[in-house]
Amino acid sequence: MSKFYITTPIYYASGQPHIGHAYTTVAADVLARYHRLIGDNVFFLTGMDEHGLKIQQKAEEQKKTPQEFVDEIAESFKLAWEKLNIKYDNFIRTVDEKHVEGVKEVITKLFEAGYIEKGKYEALYCVGCEQYKTRSELVEGKCPDHLTEPELKFEEAYLFKMSKFKNQILDIIKNDKVRIKPDSRKNEIISFLEREGLNDIAFSRLKKNVYWGIDLPFDGDHTTYVWADAFLNYLTGLGWPQDKEKYEQFWPPNVQLMAKDIFRVHATIWLSMLLAMKEELPQEMFVHGYFTSGGQKMSKSIGNVINPLELVDKYGADFVRYILLKEMVFGSDGDLTLGRIAEKYEADFAKGLGNFSSRVLKMIEKYSDSIIPQDEKQDRPILDSKRDFSENNEAFWALYEQNLSGYAYNLVLSHSVFNLAISENDKYIEQTKPWEIAKSGNEKKLFAVLYYLAESLRQITIAIYPFMPETANKIREQLGIKKIDENNFDFYNEIKWGGLKPGTKIGKIEALFPRIEN
Ligand code: MSP
């Protein structure tokens with residue numbers, strides 16, 4: 001049994017959950033569920049980033065205390081994850097007392113070791129990003145993400161000596177000591193480091209400006225820079241430094257997921273912090289793309305924001321999980337519109353998976369008295385041995401695993417699940433015409449075909465489980481077999497062809513996906 005520690009970014013508690021937050025979190029949940037399924041010991045961490053100027057300002061605008069403000073937003077995120085069936089192991093909040101203690105401990109150690117020193121800092125700062133910007137990153141003097149002009153800050157600050165780590169980080173990334181995926185991101189960060197190098201960075205803010213932050217333990221006039229605070233969540237989320245049990249079991253992360261917006265800070269600030277702390281580095285960072293809607297950035301003013309909760313209310317959690325991962329190549333940008341979503345629900349869920357499942361079950365009901373028949377292998381027509389699910393089962397699962405561990409979610413769904421497992425078997429029904437075999441009275445052939453289809457459906461439930469856990473178990477109930485318990489599942493045995501026992505009585509057949517009026 002291996003351990004598998006996966007993290008998402010911790011999201012700013014400055015606004016409601018967005019489809020982009022849902023995307024990363026669902027992607028992480030799918031991998032976490034898959035790893036539990038294959039028997040790994042999994043820790044899946046997500047949570048909230050709750051300090052800093054942006055949140056302080058938003059709370060002030062709404063005449064709330066920052067604490068009240070972040071408490072409300074954290075609840076909305078928790079609710080969103082509950083509705084989307086996200087099974088995290090911890091939901092870390094940077095206002096948690098233990099996290100705050102952990103941050104103070106690290107900052108003190110870095111200060112004592114000489115990695116943090118008092119100085120003066122002058123730089124352009126974008127509050128929207130809570131990040132410093134170089135002039136070359138600006139477009140017409142503005143932050144390209146927030147379309148605002150960054151403020152020029154010149155103040156006393158404690159500086160983190162990040163410049164020391166440039167060569168080490170280059171070596172680490174070039175030699176895959178931390179694997180950066182996809183390769184294009186690796187090349188991009190290497191050329192950035194070679195071109196621009198690394199500057200020291202302010203790790204504190206004057207408390208009179210940013211009071212909503214963690215006090216610097218050694219200087220009461222300052223609070224900790226929000227990113228220095230936030231990165232440490234990946235450690236404190238395991239209970240570290242107070243309780244080392246989970247840390248010893250799970251550190252370092254097997255993979256850290258994030259979008260391209262925050263990759264550079266992870267590759268520079270976060271890795272430098274770990275090097276200064278002499279902690280082991282994450283094994284991999286996977287950087288995915290950005291969702292737009294109708295070709296444009298989702299924004300309230302354009303009115304094209306897709307709210308993940310409204311989608312769940314309309315289509316159910318499994319479909320939302322599916323559409324996010326199916327529509328976008330993980331690692332590239334993608335686009336989603338409400339029209340496309342409605343289309344895919346109809347085609348892939350109502351007509352595709354829903355229809356296939358009910359067709360198979362109804363034939364078992366009608367032609368075999370609701371009992372899974374004997375598998376009369378030798379009597380089954382094999383129409384195309386290259387695409388026959390039973391003949392190619394091992395290859396199917398090998399490809400499934402290969403694609404999933406390479407984060408090719410869209411390929412797993414479109415190719416393995418919907419093409420090979422569902423469409424091909426639907427064609428098999430069309431071509432073998434079980435209703436005609438029934439008329440001809442060839443019971444052995446009929447049973448052979450029915451068994452093959454029912455076993456295919458059982459296999460599909462395993463393949464879709466990490467993506468659509470509710471649907472997988474609904475189908476299993478209708479097939480009359482045990483629901484999947486991901487913490488207790490003999491995966492490699494279960495995926496062997498032929499696991500469905502003849503004689504099993506199927507359950508009540510119910511529509512999986514109701515038609516939805518648009
Ligand atoms: N708080 C920081 C992260 C600190 S991690 C130590 C932050 N928060 S955020 O709320 O802005 O979240 C950014 C992340 O949300 C992205 O990296 C990505 O995971 C997700 N997404 C938010 N909008 C997105 C899209 N439109 N498309 C895809 N994912 C995006 O940055």
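Counting convention: from 1, in listed order, for ligands and their atoms alike. Here, residue 1 is the first one in the sequence, and each next residue gets the next number.
Not counting sequence neighbours, the partners of Y5 by the ring pair (Phe, Tyr, Trp, His ring centres under 6.0 Å) test are F43. Taking E122 as the reference, L152, F154 meet the side chain to side chain contact (heavy atoms under 4.5 Å, CB included) condition, with sequence neighbours excluded.
Taking a 6.0 Å sphere around NZ of K133, one finds it holds more than 12 heavy atoms contributed by other residues, nucleotides or ligands.
For A259, a nitrogen or oxygen atom sits less than 3.5 Å from a nitrogen or oxygen atom of ligand 1, counting backbone and side chain alike. Residue I10 has at least one N or O atom closer than 3.5 Å to an N or O atom of ligand 1.
Contact atoms of ligand 1 toward D261: 13 (C), 16 (C), 17 (O) (distance under 4.0 Å to a heavy atom of the residue). Listed by atom number, the atoms of ligand 1 under 4.0 Å from G289 heavy atoms are 28 (C). Near H18, the atoms of ligand 1 lying under 4.0 angstrom from a non-hydrogen atom of the residue are 23 (N), 26 (N). Set against the non-hydrogen atoms of D49, the atoms of ligand 1 under 4.0 Å away are 1 (N), 2 (C), 4 (C). Interface of I262 with ligand 1, defined as ligand atoms under 4.0 Å from a residue heavy atom, comprises 3 (C), 17 (O), 31 (O).
When side chains are defined from C-beta on, I214 counts as touching H51, because their heavy atoms get closer than 4.5 Å.
A donor-acceptor contact closer than 3.5 angstrom links the side chains of D200 and S163. Side chains of E156 and Y121: a donor-acceptor N/O pair is absent below 3.5 angstrom, by distance only. Judged by distance alone, the side chains of N254 and E284 never bring a donor and an acceptor atom under 3.5 Å apart. For the 3.5 Å distance criterion, the side chains of Y11 and D49 fail to qualify, holding no donor opposite an acceptor.
The aromatic rings of F286 and F330 lie parallel to each other, with less than 30° between the two planes, well short of the 60° mark.
For T292, no heavy-atom contact with ligand 1 is shorter than 4.0 Å. For K297, no heavy-atom contact with ligand 1 is shorter than 4.0 Å. Only the side chain of H288 comes within 4.0 Å of ligand 1, counting heavy atoms alone; its backbone N, CA, C and O stay farther away. With a 4.0 Å cut-off on non-hydrogen atoms, Y234 touches ligand 1 through its side chain and not its backbone.
In this comparison of T24, D333, V265, D145, the heavy atom closest to atom 18 (C) of ligand 1 sits on T24. Compare W227, F291, Y12, W270 by their heavy atoms: the one nearest to atom 26 (N) of ligand 1 is in F291.
The nearest protein atom to atom 12 (O) of ligand 1, hydrogens excluded, is given as Y11 CD2, 3.5 Å; this is a heavy-atom distance. Protein heavy atom closest to atom 24 (C) of ligand 1, with residue, atom name and distance, is G20 CA, 3.4 Å.
Remark: distances from the non-hydrogen atoms of C129 to ligand 1 are all 4.0 Å or more. The closest approach between H21 and ligand 1 falls below 4.0 Å for a heavy atom of the residue.
Ring-centre distance between F111 and F218: below the 6.0 Å cut-off. You'll find the ring centres of F77 and F91 outside the 6.0 Å limit.
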